[in-house]
Amino acid sequence: MTWFRISFLLSLTVFLVFSQKSVLAYEDPTRRGLTALIGQDPLLKDYALYFLGEVALSKKECQLAARSFEKIVDENQESLWWVPSLRKMAESLECLGKWERGASFWRQYQSKIDSSDEKGRAAWHMALSSYKQEETDVASDLLSHFWLEFPESPWADESLALLKKMGRDSFSTDELFERGKRLCKNGEFEKARLVFSQLNHPEASFWEAESLFRLRRYQEAFKKYEMLYAEEREGAKKKQFLGRMATAAARLDQSEKALQLQQKILKIFPHSEEAVMARRKIAFLYLDAGLLDQAVPYLKQLIRRGDHKTKLWAEEKLAWSYYRLGRWESSLRVWKKIEKGPKQEEALYWQGRIFEKKGELKKSQSFFQKLIQSEGWRYYKFLAAHRLYPEEEKYLKAIDPGWENGPFFSFPNPEEVKGMTEGCLPLAKAFRLQSLGLKKFVGPELARVTQVCETGRMSLKALATLAKISGSLGYYTLPITIAQNWDPFKEGGEVLQWAYPEAYAEVVRKEAHPRKVDPFLVYSMMRQESRFQPEVISPVGARGLLQLMPSTAMRLARKAGWPNFSPELLEEPEPNIKLSLVYLEGLLKEFQGQVISVVASYNAGEEAVRRWRRQKKGIDEEEFVEEIPYDETEDYVKRVMTNYEIYRLLYTNKI
């Protein structure tokens, strides 16, 4: 049988299994092709066995399925399919009615996975196994435990239905309370709120308020906290409720009320830990409102009384407040102190800016030169270079270390491939799968290279080849991982290109140019959002390369005139990039080309940035970044803009 024939049959099997279509019409040729693959290509034996098992299981040929999965479980523990085969083996045994043995495989499977959904699946099947074996008491305990411990699971309702069928339809208040807390922990705040609202438990009202707060129903949460504060006699809890009321008020843009509540904490509980946090929040509220003079006394108190982390925060904000107030000498004094700590580069840069404002240009330039001469490429180094060399050509020349950057991600020659695949099974499999056109599995195999192969002992040349191979196959995460172990300033520019690839360049360029979006910006955001992993899903549900929320994507799809859009498409590179560029195009128009505002909006939302822009008039873009009130968004902007500058340096004149 030709490789073309095997490629076709294997591709067909993968398509049928994953699209859940009938395999009846293709049963014989598919099985013949997979069986032939086992004999002719031992490298992909585990693939052939797994999909043979899938075909058999879909046909309810449970014994045949079990034999296929058992071979992988027994013989291929380093296989990509070993853990999935534990699950499929358990399902095959259930299909055969061998519930006890099936449960043992579910236990194994549960111990090898991190996904809470899959752990829940395993727990449900173990409970079901006991029920099927008529171990009523054990089944009841397991199902109860499952319903309480995995309340977010898709099988939770089935568990409750089965419990009711067995005569168990009630739980204690304490059990339900713990279930509600677990729902909160897993982000199921609306379900948690419903649980707490029906409980007669001393802490239920507080957790209901917490659920409302997490749902951003701040007005309702505030009223709940206010009621709890009025009813509570214990001082510790009153402090907590006051703090939550103040935070809810701040989220409602009721800054005056928030300040009053924080001041109340200081007055009633002046020596508590909450008082330190209250001072920090008061300082934050004044800073956010632009009332810098009023923030200064609180920042000074925090420097005297706060812990190490709080002191560092307060020193930075104090230096910045003096800067914004034009109190240059006071600002310089604090920045000089900060220069000795982890914020050295920031301190150097803003001292340079102060001397620039004072007209002492030689002193200013000395600070900027010190930053430019430092090793590495970081945010403030780029700002300093722009300050000294406002002309693009001179800027690029000043910051460029003079590497000769040749073409990257060109397909390696056969000798390089052979040398790398010998002794590195996942890499050999990745190449074979690529040759068969099964790109879906190339990335997962490459992801295992640093886990299975001894990359720590490889030479730079060997790692360079490995990075090229991975990039040429369209898998960009491995080169980034490799590059992190090397110093590009000692090894050369190509190492840095591993960490900053022009990923999915064809789609990016095609979609970016007509929308007047800089491709470098797209790469920079993609790297920060997902490290170029197309199928990644964040804890809050954002999907794909540029981490779009499904609700946002649906709105953008309607705007772009896409019929029949589904969120699953976000895990494919091209749709994700296309919709993200529709979004970026809109942001660039709204903020009149201000890249900093666009990047901040992508992280914090347009409404927040609109508000900040209204409040922060009369400052330049660099100053605006420092005044972003959300630490997460400020850090995100600095990282993306650093990526952007590195991309410009590495690839200028190549787009």
Side-chain angles (χ1 to χ4, degrees), residues 1 3 5-113 118-119 121-133 425-426 428-429 432-433 436 438 440-441 444-445 448 452:
M1 183 177 290
W3 271 111
R5 178 66 170 163
I6 294 172
S7 172
F8 169 75
L9 291 171
L10 188 52
S11 300
L12 177 62
T13 303
V14 174
F15 171 77
L16 292 170
V17 169
F18 281 88
S19 62
Q20 297 182 338
K21 297 193 179 207
S22 170
V23 296
L24 182 61
Y26 305 100
E27 178 185 358
D28 290 339
T30 299
R31 285 178 172 170
R32 283 200 303 270
L34 290 169
T35 303
L37 186 62
I38 292 171
Q40 294 183 31
D41 191 357
L43 191 63
L44 297 185
K45 179 181 177 180
D46 55 337
Y47 279 79
L49 284 169
Y50 186 83
F51 292 117
L52 271 173
E54 282 273 29
V55 172
L57 196 57
S58 70
K59 297 286 294 173
K60 301 297 181 184
E61 295 175 357
C62 311
Q63 191 65 52
L64 179 60
R67 284 202 299 269
S68 293
F69 296 125
E70 191 168 26
K71 285 182 181 178
I72 298 174
V73 170
D74 291 344
E75 301 171 10
N76 292 277
Q77 290 198 18
E78 290 189 352
S79 168
L80 177 70
W81 300 106
W82 187 70
V83 172
S85 291
L86 291 173
R87 172 184 154 183
K88 294 296 180 180
M89 186 67 186
E91 291 177 359
S92 301
L93 290 166
E94 286 182 354
C95 179
L96 290 166
K98 298 181 179 180
W99 294 97
E100 184 176 0
R101 189 161 178 239
S104 69
F105 278 94
W106 281 118
R107 276 191 290 275
Q108 260 191 287
Y109 176 65
Q110 190 183 55
S111 70
K112 300 294 182 184
I113 53 177
E118 288 303 300
K119 284 185 179 292
R121 182 198 298 271
W124 158 250
H125 279 274
M126 285 187 280
L128 183 64
S129 175
S130 296
Y131 174 74
K132 291 290 185 179
Q133 294 177 76
L425 194 58
K429 287 185 176 184
R432 185 62 52 80
L433 290 161
L436 293 174
L438 298 175
K440 179 182 179 69
F441 305 111
E445 287 290 358
R448 300 172 61 243
V452 176

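We're numbering straight along the sequence, starting at 1. For clarity, every value in this text was computed on a predicted model and none was experimentally measured.
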Q: Report, as yes or no, whether the 6.0 Å neighbourhood of atom CD on E100 holds more than 12 heavy atoms from other residues, nucleotides or ligands.
A: no
Q: How many angstroms lie between atom NZ of K429 and atom OG of S79, to the nearest 0.5 angstrom?
A: 4.5 Å
Q: What distance separates Y109 OH from K88 NZ, expressed to the nearest 0.5 Å?
A: 9.0 Å
Q: Could you tell me if the side chain of M89 sits less than 4.5 Å from the side chain of Q108, heavy atoms only?
A: no
Q: Which heavy atom in F69 sits nearest to a heavy atom in S92, and how many Å separate them?
A: CD1-OG, 3.5 Å
Q: Is any side-chain heavy atom of L80 closer than 4.5 Å to a side-chain heavy atom of Y47?
A: yes
Q: Can you measure from CG (N76) to OG (S85) and round to the nearest 0.5 angstrom?
A: 8.5 Å
Q: Measuring from atom NZ of K45 to atom CG of L52, what distance do you get when rounded to the nearest 0.5 angstrom?
A: 11.5 Å
Q: Restricting to non-hydrogen atoms, name the atom on V83 and the atom on K112 that form the minimum distance, rounded to 0.1 Å.
A: CG2-CB, 4.1 Å
Q: Are the side chains of W106 and S129 in contact, using a 4.5 Å heavy-atom criterion?
A: no
Q: Indicate the atoms forming the closest heavy-atom contact of V73 with F105, along with that distance.
A: CG1-CE2, 4.1 Å
Q: Flag the pair L425 / V452 as yes when at least one side-chain heavy-atom distance between them is below 4.5 Å, and no otherwise.
A: no
Q: Using the six-membered ring wherever Trp is involved, compare the ring planes of F441 and W81 and label them parallel, tilted or perpendicular (cut-offs 30° and 60°).
A: perpendicular
Q: Going by distance alone, is a donor N or O of one side chain under 3.5 Å from an acceptor N or O of the other, for S58 and E54?
A: no
Q: For the residue pair S68 and L49, what are the closest heavy atoms and their distance?
A: CB-O, 3.4 Å
Q: If every non-hydrogen atom of E445 is compared with every non-hydrogen atom of P426, which pair is closest and at what distance?
A: O-CB, 3.4 Å
Q: In chain order, what residues pass the side-chain contact (heavy atoms from CB on, under 4.5 Å) check against S111, with sequence neighbours excluded?
A: none
Q: Less than 4.0 angstrom from a charged side-chain N to a carboxylate O is my criterion; do E94 and K132 meet it?
A: no
Q: Using side chain to side chain contact (heavy atoms under 4.5 Å, CB included), reason through W82 and D46 one step at a time and then give a plain yes or no.
A: CA-CA 9 Å; W82 187 70; D46 55 337; over 6 Å; no
Q: Going by the rule salt bridge (Lys or Arg N to Asp or Glu O under 4.0 Å), which residues pair with R87 if we only count those two or more places apart in sequence or in a different chain?
A: E91, E118
